[in-house]
Amino acid sequence: MIKIHFPDGAEREYAEGVSAMDIAKSISEGLARKVLAASVNGVVWDASRPINSDVSLKLLTWDDTDGKSTFWHSSAHLMAEAVESMFPGVKFWVGPALDKGFYYDMDLGDKKLTEDDLLQLEKKMNELSKQQNVYVRKEISKNEAVSYFQEKGDQYKLDLLQNLADGEITFLHSGKFHGSLPWSTYSTYRFNKAIKLTSISGAYWKGDEKNKMLTRVYGVTFPSNKELEEYLVMLEEAKKRDHRKLGKELSIFTMDDDVGPGLPLWLPNGTIIIEELEKLAKETEQAAGYKRVVTPHIAKESMYLTSGHLPYYADSMYPPMELDGTKYYLKAMNCPHHHKIFAAEPKSYKDLPLRLAEYGTCYRYEQSGELFGLMRVRCLHMNDAHIYCTKEQFYQEFKAVNDMYLKYFKIFGIDKYVMRLSLHDPAKLGKKYVDEPELWKETEALVRDVLIRTNTPFVEVQDEAAFYGPKIDVQIWSAIGREFTLATNQVDFAQGRRFKLEYTNQENKPDTPLIIHRAPLGTHERFIGFLLEHYAGKFPLWLAPIQVKVLPISDKFLPYAQTISQELKNADIRAEVDDRNEKIGKKIRDTELLRVPYMLVVGEKEMNEGKVAIRRQGKGDTGTATIADFVSSAKSEIKERRAE
RNA sequence: GCCACUUUAGCUCAGCUGGUAGAGCAACUGAUUUGUAAUCAGUAGGUCGUUGGUUCGAUUCCGACAAGUGGCUCCA
């Protein structure tokens with residue numbers, strides 16, 4: 001007999017060789033129907049795998065993250081089995097579970113999958129899951145596995161085997177599909193009731209663009225059709241708040257073939273948002289002791305050789321233009337220009353920290369396939385600043401920048417983000433990162449220290465640093481789930497020396513400052529793209545391009561409506577009159593769809609009383625007020641940048 | 001840049017297997033003068049992304065290019 005410990009502290013005895021499924025059945029049939037896998041001493045196990053010693057056990061269901069990922073991992077294998085039966089000779093790479101669903105990478109030779117193939121594959125998967133095949137789990141030696149896949153000529157599985165040792169290799173046999181290495185869990189096949197293969201794409205083998213491109217099929221499955229339906233509805237909802245769709249509906253920006261890919265044109269409505277954001281940034285930076293500068297959009301090649309950008313960054317820059325034998329580049333970043341401003345006049349320790357700020361316009365030649373609405377563009381306006389400070393001042397300065405992030409996030413109600421400490425990869429020193437191993441260690445420790453001392457939750461990620469130093473990135477997700485860096489706070493220990501930036505320290509000796517690059521509001525492009533989705537187009541009053549729309553009940557009240565509109569404009573409120581010859585219901589509907597925060601409905605009653613009927617977007621009629629009262633409450637809502 | 005797909009009126013989309021195009025909304029005109037999410041009628045609007053080819057004939061079939069979309073790689 002063996003002892004099984006349960007999460008609630010209970011302990012029960014079972015015969016040796018009992019499976020998690022047997023245990024579930026012994027508790028209740030209902031539970032057994034829900035069990036997808038088991039966590040055995042913290043490791044995810046197939047529910048049918050025999051347990052031969054005392055363990056602590058947690059039965060995993062759809063409600064557990066590990067249960068879901070086990071489910072999706074097995075769906076990936078179910079799909080592989082369907083693919084193999086339809087396209088014999090296919091070779092598989094890996095098929096992991098995702099946050100939502102799964103994919104499988106495969107080499108289909110010359111075969112190209114079509115949308116129709118996906119439907120056929122779904123059908124096949126449904127058939128297979130209904131067959132309720134029994135899968136036999138068998139541990140085999142590395143030699144056996146290698147010779148098996150050598151015979152098959154499957155270089156992908158052989159590659160996977162390289163990193164595994166005897167005792168780690170498991171085969172699962174079912175029908176014709178053989179396949180997989182250790183982590184597979186097949187006991188959940190029978191739960192695959194709602195299957196949707198979502199897309200076909202290419203993916204480089206091992207994620208390296210020098211390697212062959214494999215075919216990747218994405219899919220998602222659910223234990224019931226109801227959940228699949230709900231998921232599809234959710235996807236539709238997400239599409240409605242896609243910034244590309246909202247940007248068009250609300251006349252925020254447009255793209256034009258003649259201007260070029262990734263070069264957005266900001267329409268008047270979008271420009272209002274830009275100006276409001278800049279106003280906020282300038283106020284905030286002014287209060288935090290920043291000084292504003294302005295720099296040209298181009299610079300000579302020599303400056304980017306000095307900065308060290310060219311060897312690391314040339315591929316992401318527009319090709320240079322040559323004038324009188326000198327190459328000029330469009331700037332992809334503002335830092336070198338700012339460094340030149342630092343260098344323009346001699347500096348003493350008394351001048352530090354020096355904080356230079358600019359909403360700089362940069363151009364980056366992003367690969368065509370990477371462009372994405374406003375989120376990834378080739379012309380960007382950066383909320384940039386560079387802080388030159390001593391090592392002693394670093395903690396305080398870096399922390400002040402972090403505090404500024406948090407202040408902004410509060411204003412915008414941004415709470416779904418992850419702070420990411422982005423570190424270098426020692427293997428890429430001299431290639432992707434400046435070759436200063438000691439300085440990397442030192443500055444990475446400095447940054448981590450700030451995060452820890454300020455109790456900021458964060459994750460650490462290798463190989464995401466800037467070439468000149470580690471950074472803290474704020475990661476967010478677009479409506480359709482793509483991840484982006486919204487804001488960034490970076491340390492630079494390299495460029496100061498490259499530009500020979502110096503200040504005279506208290507011992508009257510030259511010293512090189514540390515540099516902080518920071519962009520709490522990221523770029524206008526990405527930030528506004530993000531805000532469109534974050535607010536679903538319903539901007540708070542201070543940001544709304546049209547703040548108030550005056551809606552006369554009929555033409556008879558148009559003069560009164562125009563008087564009100566003028567009073568609002570006099571009070572610096574962005575107001576318009578709907579002077580169309582339409583019924584009030586139509587005017588309200590159209591204004592609601594434009595997400596204008598306030599609608600002032602005026603008819604005979606309001607005109608006689610000198611009042612307005614206030615309607616708040618999304619909330620309906622909220623009563624009447626005098627014009628003066630409305631103006632003063634709207635003005636304070638704007639001034640305080642209230643969320644609502 | 002790579003893999004796959006898409007491109008028809010300002011917007012959203014029809015247009016079966018090749019015989020030069022249609023709807024709704026928006027726009028414009030007129031009627032209506034309206035009380036909290038779509039009043040009615042009429043008018044105008046398209047070398048069917050661009051460009052080669054196949055064909056008596058191409059929006060429709062094939063190729064190239066461009067832009068976009070879903071991914072990969074990459075990034076604020």
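The sequence lines fix the lettering, A, B, ..., with proteins before strands; numbering per chain opens at 1. The figures that follow rest on heavy atoms only: side chains count, while hydrogens, waters and symmetry mates do not.
- Between the P atom of B:A27 and the CZ atom of A:Arg580 lies a distance of 6 Å, rounded to the nearest Å.
- For A:Ser478, the side chain to side chain donor-acceptor pair (under 3.5 Å) test picks out no residue, with sequence neighbours left out.
- RNA chain B contains the following stems of three or more consecutive Watson-Crick or G-U pairs, with both distances under 3.5 Å: B:1-7 with B:66-72, B:10-13 with B:22-25, B:27-31 with B:39-43, B:49-53 with B:61-65.
- Note on A:Tyr218: only backbone sugar-phosphate atoms sit closer than 4.0 angstrom, heavy atoms only; bases stay farther off.
- Spacing between atom CG of A:Asp579 and atom P of B:C28 amounts to 10 Å, rounded to whole angstrom units.
- Rounded to whole angstrom, the span from the NE2 atom of A:His381 across to the C1' atom of B:A76 amounts to 13 Å.
- Each of A:Leu380 and A:Ile200 was matched to the nucleotide of RNA chain B holding its nearest heavy atom; the match closer to the 5' end belongs to A:Ile200.
- One N or O donor and one acceptor, one from the side chain of A:Tyr204 and one from the base of B:G1, sit under 3.5 Å apart.
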Subject >> Contact state string [nucleotides 60-69 of chain B, B base, S sugar-phosphate only, - no protein heavy atom under 4.0 Å] >> reply: -------SSS
**OP:** List the steps, then state whether ring-ring contact (aromatic ring centres under 6.0 Å, His included) holds for A:Phe412 with A:Phe530.
**Re:** CA-CA 11 Å; A:Phe412 295 104; A:Phe530 167 79; 8.6 Å; no
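- Taking the P atoms as reference points, B:U34 lies 34 Å from B:A23, given to the whole Å.
- Residues passing the ring-ring contact (aromatic ring centres under 6.0 Å, His included) test with A:Phe467 are A:His309, A:Tyr312, sequence neighbours excluded.
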Could you give the side-chain donor-acceptor pairs of residues 247-258 of chain A under 3.5 Å, partners two or more places apart or in another chain?
| unit_1 | atom_1 | unit_2 | atom_2 | d |
| --- | --- | --- | --- | --- |
| A:Glu249 | OE2 | A:Lys245 | NZ | 3.3 |
| A:Asp256 | OD1 | A:Asp258 | N | 2.7 |

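- Counting any heavy atom pair closer than 4.0 Å across all strands shown, A:Glu115 reaches no nucleic acid atom.
- On a pure distance criterion of 3.5 Å, a polar donor-acceptor pair joins the side chain of A:Glu366 and the base of B:A76.
- Residue contacts shown for A:Gln617 are absent, as no nucleic acid heavy atom lies under 4.0 Å away.
- In this structure, A:Asp105 places its CG atom 10 Å from P of B:C72, rounding to the nearest Å.
- When the side-chain nitrogen and oxygen atoms of A:Lys210 are compared with OP1 and OP2 of B:U73, none of them lie within a distance under 4.0 Å.
- In this structure, A:Asp590 places its CG atom 10 Å from P of B:A38, rounding to the nearest Å.
- The base of B:C75 lies outside donor-acceptor range of the side chain of A:Arg364, with no N or O pair under 3.5 Å.
- Across all strands shown, A:Leu486 has heavy atoms under 4.0 Å from sugar-phosphate atoms exclusively, and none from any base.
- In terms of the ring-ring contact (aromatic ring centres under 6.0 Å, His included) criterion, residue partners of A:Tyr218 (sequence neighbours excluded) are, by chain and number, A:Tyr103.
- Under 4.0 angstrom from either OP1 or OP2 of B:U33 there lies no side-chain N or O belonging to A:Lys556.
- A:Lys428 and A:Asp463 are joined by a salt bridge, as a carboxylate oxygen and a charged side-chain nitrogen come within less than 4.0 angstrom of each other.
- Salt-bridge annotation for A:Glu609 and A:Lys605: absent, with no side-chain N of the basic residue lying under 4.0 Å from a carboxylate O of the acidic one.
- When the ring-ring contact (aromatic ring centres under 6.0 Å, His included) test is applied to A:His339, the partners found at least two apart in sequence or on another chain are A:His386, A:Tyr388, A:Phe499.
- In this structure, the nucleotide among B:U73, B:U34, B:A37 sitting nearest to the side chain of A:Lys583 is B:U34.
- Here the side chain of A:Glu533 pairs a donor or acceptor atom with the backbone of A:Ala479 at under 3.5 angstrom.
- Minimum atom distance to the side chain of A:Glu370 is reached by B:G1, of the listed B:G35, B:G1, B:A37.
- Among the protein residues, A:Gly603 comes within range of the nucleic acid bases, having at least one heavy atom under 4.0 Å from a base atom.
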For residues 402-409 of chain A, tabulate all N or O donor-acceptor pairs below 3.5 Å that involve a side-chain atom, not counting sequence neighbours.
| unit_1 | atom_1 | unit_2 | atom_2 | d |
| --- | --- | --- | --- | --- |
| A:Asp403 | OD2 | A:Lys399 | NZ | 3.0 |
| A:Tyr405 | OH | A:Thr488 | N | 3.4 |
| A:Tyr405 | OH | A:Thr488 | O | 3.0 |
| A:Tyr405 | OH | A:Asn489 | N | 2.8 |

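- Considering only the side chain of A:Lys586, B:C25 comes nearest among B:A37, B:C25, B:U12.
- If you check every strand for non-hydrogen atoms under 4.0 Å, A:Thr523 touches a base.
- Across all their heavy atoms, A:Gly262 and A:Val377 have their closest contact at O-CB, 3.3 Å.
- A heavy-atom distance below 4.0 Å to RNA chain B is reached by these residues of residues 460-473 of chain A, ordered by number: A:Lys471.
- For A:Lys605, the side-chain atoms get nearest to B:G35 when compared with the rest of B:U36, B:A37, B:G35.
- Here the P atom of nucleotide B:C3 and the CG atom of A:Asp117 are 19 Å apart, to the nearest Å.
- With B:C25, B:U34, B:A76 as the candidates, the nucleotide lying closest to the side chain of A:Ile584 is B:U34.
- Counting any heavy atom pair closer than 4.0 Å across all strands shown, A:Arg216 reaches sugar-phosphate atoms only and no base atom.
- A salt bridge links A:Arg355 with A:Glu397: the distance from a Lys NZ or Arg NE/NH1/NH2 to an Asp or Glu carboxylate oxygen falls below 4.0 Å.
- Annotation for A:Leu374 and A:His243: closest pair N-NE2, 2.8 Å, computed over non-hydrogen atoms.
- When distances run from any side-chain atom of A:Met213 to the nucleotides B:G35, B:A76, B:C72, the shortest one goes to B:C72.
- The side chain of A:Glu209 lies closest to B:G1 when the candidates are B:G70, B:G1, B:C72.
- The environment of NZ in A:Lys279 is sparse: at most 12 heavy-atom neighbours from other residues, nucleotides or ligands sit within 6.0 Å.
- At a non-hydrogen distance threshold of 4.0 Å, A:Ile553, A:Ser554, A:Asp555 from residues 545-555 of chain A come into contact with RNA chain B.
- The nearest whole Å value for the distance from the CD atom in A:Glu483 to the P atom in B:G70 is 16 Å.
- Within the nucleic acid shown, A:Glu582 comes within 4.0 Å of at least one base atom, counting heavy atoms only.
- Among residue pairs with one or both ends in residues 614-623 of chain A, those qualifying as salt bridge (charged side-chain N to carboxylate O under 4.0 Å, His left out) are A:Glu592-A:Arg615, A:Arg616-A:Glu637, A:Lys619-A:Glu644; sequence neighbours excluded.
- Distance from the side chain of A:Arg589 is smallest to B:A37 among B:A37, B:U36, B:C75.
- Under the rule for a side chain to side chain donor-acceptor pair (under 3.5 Å), the partners of A:Arg244 that lie at least two apart in sequence or sit in another chain are A:Asp242.
- A:Asn383 has its CG atom 11 Å from the C1' atom of B:A76, to the nearest Å.
- Inter-residue side-chain proximity for A:Val83 and A:Lys124 is flagged as unmet; no heavy-atom pair is nearer than 4.5 Å.
- Proximity note for A:Arg615 (side chain, C-beta onward) versus B:G71, B:U36, B:G35: the nearest is B:U36.
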